[in-house]
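Here the structure comes first, spelled out in structure tokens, and everything after it is commentary.
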Amino acid sequence: MTGHGLRGVAVPTTANPPERIILPDRETLSQEAARRFIALAQARDPFTVALSGGSTPRRLYQILAAMPGRVPWERVHVFWSDERCVPPDHPGSNYRMAREALLDHVPLPAKNVHRVRGEWAPEAAAQAYAVELEDFFGAPWPRFDLILLGLGGDGHTASLFPDSDTLHERERPIAAVTATYQARPAQRVTFTLPLINAARHVLFLVSGADKAGIVQRVLETAGEHYPASRVQPGAGTLTWLLDQAAAGQLDVPAQN
Ligand code: 6PG
């Protein structure tokens with residue numbers, strides 16, 4: 001694996017304007033996300049992707065699982081953009097959700113699954129994950145081909161939460177955090193913003209009317225107040241896939 005390291009190198013700020021695509025509903029949003037995933041996976045060897053957690057991407061994973069031949073799984077390497085610090089068989093594990101919806105149904109070699117050790121203490125898990133990234137990419141600051149992200153109702157993404165010191169992390173690609181959000185596990189391991197912003201492609205998936213208010217604030221009125229607003233891949237593409245319900249309060253029409 002040749003190094004994709006960006007540490008110490010000024011990432012070109014040829015920021016592409018964010019793409020904003022609105023789909024009728026979660027199903028069509030997930031279908032569009034699968035189409036993009038497949039296209040990117042077919043174009044890269046190896047294809048390095050960080051899956052997102054929560055509930056929104058489950059349908060995307062199920063769609064990919066239903067068409068195993070469309071993705072060259074033997075050359076895909078799967079990571080997670082964040083993980084809850086729980087065992088891999090815990091209901092709150094992002095790994096478990098992805099395993100059940102996708103990994104158990106596709107011919108992805110076990111060595112290509114780069115799971116966060118959620119069963120370890122958070123700081124130990126974070127440090128081990130940073131080492132795993134460096135070992136795989138051959139550099140401490142890898143450039144993922146694709147990072148999937150969701151949007152929390154408070155504007156968080158991955159496990160980067162509002163007013164968290166981790167938002168200012170510039171020295172480490174991975175951090176351990178504690179955050180209370182809904183009834184989800186509080187101890188987490190997360191990609192930091194510099195790692196996310198080094199990606200070739202960042203794809204947000206946001207669905208549901210309950211996200212309409214935060215989508216409008218993140219995309220139109222709140223500047224960089226929210227963690228999700230600070231996802232700006234300087235040398236990559238940023239795409240927001242929204243369903244109509246989540247886009248319901250946007251003033252500016254989407255590009256599609
Ligand atoms: C997590 C996720 C988190 C998620 C958002 C949206 O570990 O919880 O990575 O960032 O993407 O909270 O979650 P939903 O898709 O369930 O709304």
Side-chain angles (χ1 to χ4, degrees), residues 23 25-27 29-30 32-34 37 49-63 78-88 90-102 114-119 122 125-126 129 144 146-164 166-167 173-193 195-197 199 202-219 226-231 238-243 245-248:
L23 289 309
D25 51 31
R26 180 175 295 209
E27 179 63 22
L29 179 151
S30 304
E32 175 62 16
F37 185 108
V49 56
L51 303 181
S52 60
S55 58
T56 301
R58 184 192 306 273
R59 183 62 188 133
L60 161 61
Y61 302 160
Q62 292 170 338
I63 291 168
V78 170
F79 299 76
W80 276 262
S81 47
D82 75 329
E83 180 59 281
R84 295 80 174 271
C85 293
V86 293
H90 185 283
S93 166
N94 288 336
Y95 162 79
R96 172 175 162 177
M97 187 273 277
R99 181 181 57 74
E100 292 176 342
L102 175 58
H114 305 270
R115 176 178 73 83
V116 179
R117 295 294 184 267
E119 65 276 25
Y129 206 46
F144 277 85
L146 174 61
I147 296 179
L148 298 175
L149 293 174
L151 177 66
D154 58 359
H156 83 260
T157 191
S159 285
L160 300 169
F161 285 81
D163 306 320
S164 162
T166 309
L167 288 173
I174 304 293
V177 302
T178 302
T180 301
Y181 181 72
Q182 297 178 350
R184 297 179 181 182
Q187 298 279 8
R188 297 149 170 263
V189 169
T190 187
F191 279 15
T192 58
L193 275 172
L195 179 57
I196 293 171
N197 285 334
V202 177
L203 185 61
F204 275 94
L205 278 64
V206 190
S207 169
D210 61 321
K211 299 285 176 69
I214 190 63
V215 164
Q216 194 277 336
R217 291 191 296 278
V218 165
L219 292 183
Y226 296 104
S229 310
R230 301 186 188 188
V231 173
L238 171 61
T239 300
W240 286 81
L241 291 186
L242 308 162
D243 66 12

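Numbering of ligands and ligand atoms starts at 1, following listing order. We count residues from 1, following the sequence as given. Heavy atoms only: backbone and side chains are in, while hydrogens, waters and symmetry mates are out. If you're wondering where the values come from, they're calculated on a predicted model, not measured in any experiment.
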Tell me which protein heavy atom sits closest to [atom], plus the residue, atom name and distance to 0.1 Å.
{"atom": "atom 6 (C) of ligand 1", "value": "L151 O, 3.5 Å"}
{"atom": "atom 9 (O) of ligand 1", "value": "D82 OD1, 2.6 Å"}
{"atom": "atom 10 (O) of ligand 1", "value": "A158 O, 2.7 Å"}
{"atom": "atom 15 (O) of ligand 1", "value": "T56 OG1, 2.6 Å"}

Where ligand 1 meets Y181 - atom numbers and elements under 4.0 angstrom, heavy-atom basis: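 Those atoms are 12 (O).
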Trace of the side-chain contact (heavy atoms from CB on, under 4.5 Å) decision for E27 with I63: CA-CA 9 Å; E27 179 63 22; I63 291 168; 4.0 Å; yes
Side chains of F204 and V231 in contact at under 4.5 Å (non-hydrogen atoms):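 Side chain of F204 against side chain of V231, heavy atoms only: contact under 4.5 Å found.
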Note, I147 side chain near L203 side chain (heavy atom, < 4.5 Å):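 When only atoms from C-beta onward are counted, L203 and I147 do not touch, as no gap falls below 4.5 Å.
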T157-ligand 1 polar pair, N/O distance under 3.5 Å: no
Considering only heavy atoms, which of [options] lies nearest to [atom]?
{"atom": "atom 11 (O) of ligand 1", "options": "P57, A179, S93, G150", "answer": "G150"}
{"atom": "atom 5 (C) of ligand 1", "options": "R84, M97, H156", "answer": "H156"}
{"atom": "atom 17 (O) of ligand 1", "options": "R184, E83, R188, K211", "answer": "K211"}

Of L193, L195, I196, the residue whose pairing with P173 passes side-chain contact (heavy atoms from CB on, under 4.5 Å):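 With P173 as partner, side-chain contact (heavy atoms from CB on, under 4.5 Å) holds for just one option, L195.
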Test item, S52 contacting ligand 1 (heavy atom, 4.0 angstrom): no
Under 3.5 Å side-chain donor-acceptor pair for R117 and Y129: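 There is no such pair (donor and acceptor under 3.5 Å, judged by atom type) between the side chains of R117 and Y129.
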Lys/Arg-Asp/Glu bridge criterion (N-O < 4.0 Å) met for D82, R188: yes
Check: F191 ring centroid to F144 ring centroid under 6.0 Å: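 Ring centres of F144 and F191 closer than 6.0 Å.
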